[in-house]
*Asks:* 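Quick one: structure below, then a few questions.
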Protein chains: 2
Amino acid sequence: MKMSVSLGMETEKITYIEESGLLFEKLGLTRMAGRVFGYLIVSEEDQASFDQIRKVLQASKGSISGTMKQLLNAGMVEAVSLPGDRKTYYRPSKIKIGDILKYRMKQFDDFARILSRGEELKSKKDDVSEWLIEASTFYLWIGEQLDEIIDKWESEKTKIIEEYRQNHEERIES
Amino acid sequence: MKMSVSLGMETEKITYIEESGLLFEKLGLTRMAGRVFGYLIVSEEDQASFDQIRKVLQASKGSISGTMKQLLNAGMVEAVSLPGDRKTYYRPSKIKIGDILKYRMKQFDDFARILSRGEELKSKKDDVSEWLIEASTFYLWIGEQLDEIIDKWESEKTKIIEEYRQNHEERIES
DNA sequence: TTTTTAGTTCATTTTATTTTGAACTTTATG
DNA sequence: CATAAAGTTCAAAATAAAATGAACTAAAAA
């Protein structure tokens, strides 16, 4: 196995970056996007330059260029420019976490729509029709519920995070 | 564009089947799986035989064989066998719709885990670390919330579906 | 038992996706 | 203005994923 990350980075972080690549691939994004995101996460610097990313991940400029666009477009990464410096720097964006989920839930809208259209196309109404109606309604409904929950998160997150932190510590102590 | 479905099926349904294929592809499954599922949905028969599916979708036996395994494995399709008939028939399974969502939410667990591990790997605690903790907690929390919501759906779905049905009719009347 | 039908397996081919690399654009700097 | 650095673009190469088709297995029927 060729290790594609190096330049004085700890083995653990190199492994992490590759795992992030594989996860992104599983989520339908590209492996390189996952590597870049992983690198930006575990890098100790506040931001990394295009060329730094390219060198660490040992990829071509073209590949990094396309990947940065993907990540910017998905809102996962932010570009930073500095006066007196023509380079572009990148850092993980502090995107509202609920927005990632909302974005992903759009997939369910599509799924709901295809189920509902399928039901309309059937001339015979049977128990599959029933199921189709039920399933597409479910996705409409769950979308609304999720919006409410995400609002709840935004307003109560400090408290919730604190609760989770305590739970975690309790487990370690016992 | 080669139309890969035919055999006396309405154009609308053929289009539907192809769109279902494209959607499944977008969801990370295969196009063929989407076609088969779409076909089973809009077919007027209760179930379709292996060979019927193969003929309608004009695909090879190997392709259908692999695809049926995928769909069975994902729980989207059920196999039916009949006494005195050596064929296998397939129909869309009346899978609990919440289960599809729960299955998909596993992706978020993975995402939460990678964010949390990234945070642990950083020696410097900065605002990215803060964000990582927040984001991974969010996914833990949302998983629990969603389980509750899905339970609520299961117990109240008849009522909810009725409400949505009325809303839909009102819109048509006005 | 032999034949036939139904489906599986898997090496090969086809198709789609990702990466590279070189030429090009843009913008800062001497 | 000329030069250089930083990125972008895109055709071609590399890689990965999916479909085919032919040989194979299992199980019912003759």
Side-chain angles (χ1 to χ4, degrees), chain A residues 1-5 17-18 20-39 47-74 77-91, chain B residues 1-5 17-18 20-39 47-74 77-91:
Chain A
M1 180 176 47
K2 187 193 160 203
M3 264 296 152
S4 45
V5 188
I17 288 167
E18 290 304 317
S20 177
L22 293 174
L23 175 63
F24 270 54
E25 208 166 38
K26 222 172 69 176
L27 300 177
L29 303 164
T30 64
R31 189 179 294 192
M32 192 61 81
R35 288 201 188 106
V36 171
F37 190 72
Y39 169 58
Q47 69 276 306
S49 72
F50 184 99
D51 205 53
Q52 195 177 344
I53 296 169
R54 191 187 64 68
K55 279 189 182 138
V56 172
L57 303 183
Q58 296 185 136
S60 66
K61 288 203 286 179
S63 178
I64 297 299
S65 177
T67 300
M68 295 326 294
K69 269 193 194 149
Q70 279 184 69
L71 288 171
L72 288 169
N73 194 46
V77 152
E78 287 172 354
V80 186
S81 57
L82 301 169
D85 187 341
R86 78 182 82 170
K87 292 200 195 93
T88 309
Y89 296 85
Y90 299 93
R91 63 180 178 211
Chain B
M1 179 175 47
K2 187 194 160 205
M3 264 297 151
S4 45
V5 188
I17 288 166
E18 290 304 318
S20 177
L22 293 174
L23 175 63
F24 269 54
E25 209 167 38
K26 224 173 67 176
L27 299 179
L29 303 165
T30 65
R31 189 179 295 191
M32 191 62 81
R35 288 202 188 104
V36 171
F37 189 71
Y39 169 59
Q47 70 275 309
S49 72
F50 184 98
D51 205 53
Q52 195 177 343
I53 296 170
R54 191 187 65 67
K55 278 190 184 137
V56 171
L57 304 182
Q58 297 186 133
S60 66
K61 287 204 286 178
S63 176
I64 297 299
S65 176
T67 299
M68 295 327 292
K69 267 192 198 152
Q70 278 184 73
L71 288 170
L72 288 169
N73 194 47
V77 153
E78 287 171 354
V80 186
S81 57
L82 301 170
D85 187 341
R86 77 181 85 171
K87 292 200 194 93
T88 309
Y89 296 86
Y90 299 94
R91 63 179 179 212

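As a basis for the values below, the full set of heavy atoms in this structure was taken, side chains included, without hydrogen atoms, waters or symmetry mates. Note on naming: letters A, B, ... go to the chains in the order of the sequence lines (proteins, then strands), and numbering restarts at 1 for each one.
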*Asks:* May I have the distance from Lys55(B) (atom NZ) to dG7(C) (atom C1'), rounded to whole angstrom?
*Replies:*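 Checked: the NZ to C1' distance equals 14 Å.
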*Asks:* Does a side-chain N or O from Ser63(A) land closer than 4.0 Å to OP1 or OP2 of dT20(C), or not?
*Replies:*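 For Ser63(A), the contact criterion (side-chain N or O under 4.0 Å from OP1 or OP2 of dT20(C)) is met.
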*Asks:* When the distance from NZ of Lys26(A) to C1' of dA16(D) is rounded to whole Å, what number comes out?
*Replies:*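 Atom NZ in Lys26(A) sits about 18 Å away from atom C1' in dA16(D).
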*Asks:* Rounded to whole angstroms, how far apart are OH on Tyr90(B) and C1' on dA6(C)?
*Replies:*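 Tyr90(B) atom OH is separated from dA6(C) atom C1' by 10 Å.
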*Asks:* Provide the closest heavy-atom pair for Gly38(A) versus Ile17(A) in the form atom of the first, atom of the second, distance.
*Replies:*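 Scanning both residues completely, I find the closest heavy atoms to be C-CG1, 4.0 Å.
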*Asks:* Rounded at 0.5 Å granularity, tell me how far CD in Gln70(B) sits from OG in Ser65(B).
*Replies:*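 With rounding to 0.5 Å, CD (Gln70(B)) is 11.0 Å from OG (Ser65(B)).
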*Asks:* Drop me the distance from Arg54(B)'s CZ to Thr67(B)'s OG1, to the nearest 0.5 angstrom.
*Replies:*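 OG1 of Thr67(B) is found 13.0 Å from CZ of Arg54(B).
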*Asks:* Which whole-number value in Å describes the distance from Gln70(B) CD to dT9(C) P?
*Replies:*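 From Gln70(B) CD to dT9(C) P: 14 Å.
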*Asks:* Select from Asp85(B) and Lys69(A) the residue whose nearest nucleotide in DNA chain D is closer to the 5' end of that strand.
*Replies:*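 Of the two residues, Lys69(A) wins.
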*Asks:* Grab the CD1-P distance between Ile64(A) and dT8(D) for me, whole Å please.
*Replies:*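 Spelled out: CD1 on Ile64(A) to P on dT8(D) is 11 Å.
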*Asks:* Check whether any side-chain nitrogen or oxygen of Thr88(A) sits under 4.0 Å from OP1 or OP2 of dG7(D), and answer yes or no.
*Replies:*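 So the side chain of Thr88(A) is within the cut-off, an N or O lying under 4.0 Å from OP1 or OP2 of dG7(D).
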*Asks:* For residues Met68(B) and Ile53(B), determine if any side-chain heavy atom of one lies less than 4.5 Å from a side-chain heavy atom of the other.
*Replies:*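 Yes, close enough: below the 4.5 Å cut-off.
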*Asks:* Closest to the Arg86(A) side chain: dT5(C), dA5(D), dT20(D)?
*Replies:*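 Among the listed nucleotides, the one closest to the side chain of Arg86(A) is dA5(D).
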*Asks:* Using atom CD1 of Ile53(B) as one end and atom P of dA19(D) as the other, report the distance to the nearest whole Å.
*Replies:*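 Whole-Å distance recorded here is 15 Å.
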*Asks:* CZ of Phe50(A) versus P of dA5(D): gap in Å, rounded?
*Replies:*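 Spelled out: CZ on Phe50(A) to P on dA5(D) is 16 Å.
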*Asks:* Starting at CD of Glu25(B) and ending at P of dA19(D), how long is that distance when rounded to a whole Å?
*Replies:*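 Value for this atom pair: 9 Å.
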*Asks:* When the nearest nucleotide of DNA chain C is assigned to Met68(B) and to Gly28(A) on a heavy-atom basis, which residue is associated with the more 5' position?
*Replies:*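 That would be Met68(B).
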*Asks:* Would you please confirm or rule out a distance under 4.0 Å between OP1 or OP2 of dG7(C) and any side-chain N or O of Lys61(B)?
*Replies:*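 Result: no.
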*Asks:* The side chain of Ser65(B) lies closest to which of these nucleotides: dT9(C), dT20(C), dT29(C)?
*Replies:*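 The answer is dT9(C), which lies nearest to the side chain.
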*Asks:* Within the 4.5 Å heavy-atom criterion, are Lys87(B) and Tyr89(B) side-chain neighbours or not?
*Replies:*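 The answer is yes; the side chains approach within 4.5 Å.
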*Asks:* Looking at the side chain of Thr30(B), which of dA4(D), dA18(D), dT19(C) is the nearest nucleotide?
*Replies:*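 Minimum distance to the Thr30(B) side chain belongs to dA18(D).
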